[in-house]
2 protein chains.
Amino acid sequence: MPTSTASQRRAVAKAEYDAFLVACPSRQLLERISDKWVALVLAALGGDGPRPGAASGDEPRPMRFSELSRRISGVSQKMLTQTLRSLERDGMVTRTVTPTVPVTVTYELTGLGRSLQGVMRGIKEWAEGHMEEVLTHRDDYDHRQSDAAD
Amino acid sequence: MPTSTASQRRAVAKAEYDAFLVACPSRQLLERISDKWVALVLAALGGDGPRPGAASGDEPRPMRFSELSRRISGVSQKMLTQTLRSLERDGMVTRTVTPTVPVTVTYELTGLGRSLQGVMRGIKEWAEGHMEEVLTHRDDYDHRQSDAAD
DNA sequence: CAGGATCCAGTAGGATACTG
DNA sequence: CAGTATCCTACTGGATCCTG
């Protein structure tokens with residue numbers, strides 16, 4: 001029996017970083033990306049549409065600051081700027097300044113950003129797709145709570 | 001031409017809930033689940049292993065409170081309790097009390113929880129798997145910042 | 001063991017005002 | 001337009017103490 005299969009080696013490589021550990025850098029990274037604004041910005045830049053190739057959804061494309069701001073309703077400019085800076089620093093979006101007047105700034109997903117968006121999209125879609133079910137469970141739970149209080 | 005294809009109808013059904021809108025309930029749900037503790041609790045209960053059927057990872061199984069607490073290093077009992085309650089209320093985990101002495105409480109993923117875990121696992125693994133790359137980008141970015149300050 | 005209840009510091013994040 | 005800077009509040013979340 002082989003002492004090391006491909007999947008085992010991959011498992012070991014992954015085990016270098018373990019988000020279960022407080023001290024592991026990946027824990028902080030997990031914390032950073034587990035953020036609704038990150039999910040929404042990536043979804044916006046990623047086109048939020050179906051998988052690449054489909055015709056109905058919007059395509060991934062560079063977006064301007066104001067455009068993002070409008071798409072993600074309720075986001076403050078502070079949070080949008082902060083999120084974009086963080087994503088830029090981590091190599092997930094590029095920021096392009098065109099010296100028109102007034103200046104034009106566009107943001108676009110990098111390869112790394114697209115890979116993250118692939119998984120983050122799932123979160124947003126899960127939330128949208130399971131809203132009813134969650135709501136039902138909440139009603140049940142809250143009922144049981146008040147019933148128990150007699 | 002058909003006025004409504006299957007994928008179009010599905011798109012409409014999804015559009016009922018749109019997390020891009022502040023007022024949409026799915027926005028709050030997205031906010032709830034975009035949380036590192038949620039990601040880690042689901043990963044722990046889900047076995048964190050490879051896809052179901054694989055042999056190397058741990059299997060999804062009920063876990064006790066203290067066990068979860070140990071697995072997710074750095075979590076306070078407050079946050080763990082709070083996260084578990086929230087997941088229970090939303091129908092993603094079940095809480096089972098066995099009246100031993102002292103009492104034994106186990107948590108287990110529901111079907112809904114497993115479906116969410118399927119997407120949340122991606123986040124944790126992405127963080128672990130792209131840590132190096134992100135770190136490199138950060139160095140570059142921080143360098144450019146100090147270079148620009150001359 | 002598995003929490004509930006409190007207290008309290010730190011920070012996330014909104015509102016507002018100003019700038020190139 | 002695309003931010004930066006500042007102020008300020010509210011909530012997150014840790015620490016601690018207590019209970020069935």
Side-chain angles (χ1 to χ4, degrees), chain A residues 19 21-23 27-41 44-45 62-89 93-108 141 144-146 148-149, chain B residues 19 21-23 27-28 30-41 44-45 62-89 93-108 141 144-145 148-149:
Chain A
L21 308 173
V22 227
R27 170 71 74 91
Q28 273 77 280
L29 183 54
L30 176 62
E31 190 165 2
R32 274 211 150 309
I33 63 182
S34 301
D35 180 81
K36 70 173 165 185
W37 299 128
V38 169
L40 292 171
V41 166
L45 289 175
M63 289 178 79
R64 304 186 58 173
F65 185 89
S66 50
E67 198 180 357
L68 282 167
S69 183
R70 258 174 280 114
R71 184 79 222 261
I72 306 170
S73 88
V75 69
S76 64
Q77 81 289 54
K78 176 182 174 178
M79 290 317 295
L80 184 53
T81 301
Q82 196 168 295
T83 303
L84 287 168
R85 285 290 170 281
S86 160
L87 291 176
E88 185 194 359
R89 187 168 105 103
V93 304
T94 55
R95 176 174 181 268
T96 307
V97 182
T98 308
T100 51
V101 42
V103 71
T104 303
V105 180
T106 58
Y107 293 91
E108 188 171 13
Y141 184 90
R144 279 193 305 264
Q145 295 308 305
S146 45
Chain B
L21 308 174
V22 228
R27 169 70 76 92
Q28 273 78 280
L30 176 62
E31 190 165 3
R32 274 207 150 310
I33 62 183
S34 301
D35 179 80
K36 69 174 164 184
W37 300 128
V38 169
L40 291 171
V41 165
L45 289 175
M63 289 179 77
R64 304 185 57 174
F65 185 88
S66 51
E67 198 181 357
L68 281 167
S69 184
R70 259 175 280 112
R71 183 80 223 262
I72 305 169
S73 88
V75 69
S76 65
Q77 82 290 55
K78 177 181 173 178
M79 289 319 294
L80 185 52
T81 300
Q82 196 168 296
T83 303
L84 286 168
R85 285 291 168 284
S86 157
L87 291 176
E88 186 195 359
R89 187 167 104 103
V93 305
T94 56
R95 178 174 180 269
T96 307
V97 182
T98 308
T100 52
V101 43
V103 72
T104 303
V105 180
T106 59
Y107 293 91
E108 188 171 11
Y141 184 89
R144 280 195 302 264
Q145 295 308 306

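Both backbone and side-chain heavy atoms feed into the values below; hydrogens, waters and symmetry mates do not. Here is how names work: the chains are called A, B, and so on, in the same order as the sequence lines, proteins then strands, and each is numbered from 1.
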Checklist entry - With respect to the side chain of B/Val103, which nucleotide from C/dA2, D/dC1, C/dG13 is positioned closest? => result C/dA2
Item to check | Residues which pass side-chain hydrogen bond (donor to acceptor under 3.5 Å, both in side chains) with A/Arg64, listed by chain and number, not counting sequence neighbours | outcome: none
Checklist entry - Can a side chain N or O of A/Thr104 be found less than 4.0 Å away from OP1 or OP2 on D/dC1? => result no
Checklist entry - Residues in side-chain hydrogen bond (donor to acceptor under 3.5 Å, both in side chains) with A/Gln82, at least two apart? => result none
Item to check | Those residues that, when tested against B/Glu108, pass salt bridge (Lys or Arg N to Asp or Glu O under 4.0 Å) (two or more places apart) | outcome: none
Next on the checklist: Let me check the geometry of the helix from C/dC1-D/dG20 to C/dG20-D/dC1. What is the bend angle between the axes at its two ends, five pairs each, to 10°?
Outcome noted: 50°
Checklist entry - In chain order, what residues pass the side-chain contact (heavy atoms from CB on, under 4.5 Å) check against B/Ala19, with sequence neighbours excluded? => result A/Leu40, A/Lys124, A/Glu128, B/Ser26, B/Leu30
Item to check | side-chain hydrogen bond (donor to acceptor under 3.5 Å, both in side chains) involving A/Arg32 - partner list, sequence neighbours excluded | outcome: none
Checklist entry - Are OP1 or OP2 of D/dC1 and a side-chain N or O of A/Arg64 less than 4.0 angstrom apart? => result no
Checklist entry - Distance check: side-chain N/O of B/Tyr107 vs OP1/OP2 of C/dC1, anything under 4.0 Å? => result no
Checklist outcome for this item: The single option from B/Ile72, B/Asp35, B/Val75 that satisfies side chain to side chain contact (heavy atoms under 4.5 Å, CB included) with B/Val41 is B/Ile72
Would you mind writing out the side-chain donor-acceptor pairs for residues 99-106 of chain B within the sub-3.5 Å range, not counting sequence neighbours?
from     : atom 1 : to       : atom 2 : distance (Å)
B/Thr100 : OG1    : B/Thr98  : O      : 3.4
B/Thr100 : OG1    : B/Pro102 : O      : 2.7
B/Thr100 : OG1    : B/Thr104 : N      : 3.3
B/Thr100 : OG1    : B/Thr104 : OG1    : 2.7

Checklist outcome for this item: From the candidates D/dC1, C/dG14, C/dA2, the one with an atom nearest any side-chain atom of B/Ser66 is C/dA2
Checklist entry - Does A/Gln28 have any side-chain hydrogen bond (donor to acceptor under 3.5 Å, both in side chains) partners at least two apart in sequence or in another chain, and if so, which? => result none
Item to check | Stretch residues 75-85 of chain A: residues that reach within less than 4.0 Å of DNA chain C through a heavy atom | outcome: A/Ser76, A/Gln77, A/Lys78, A/Met79
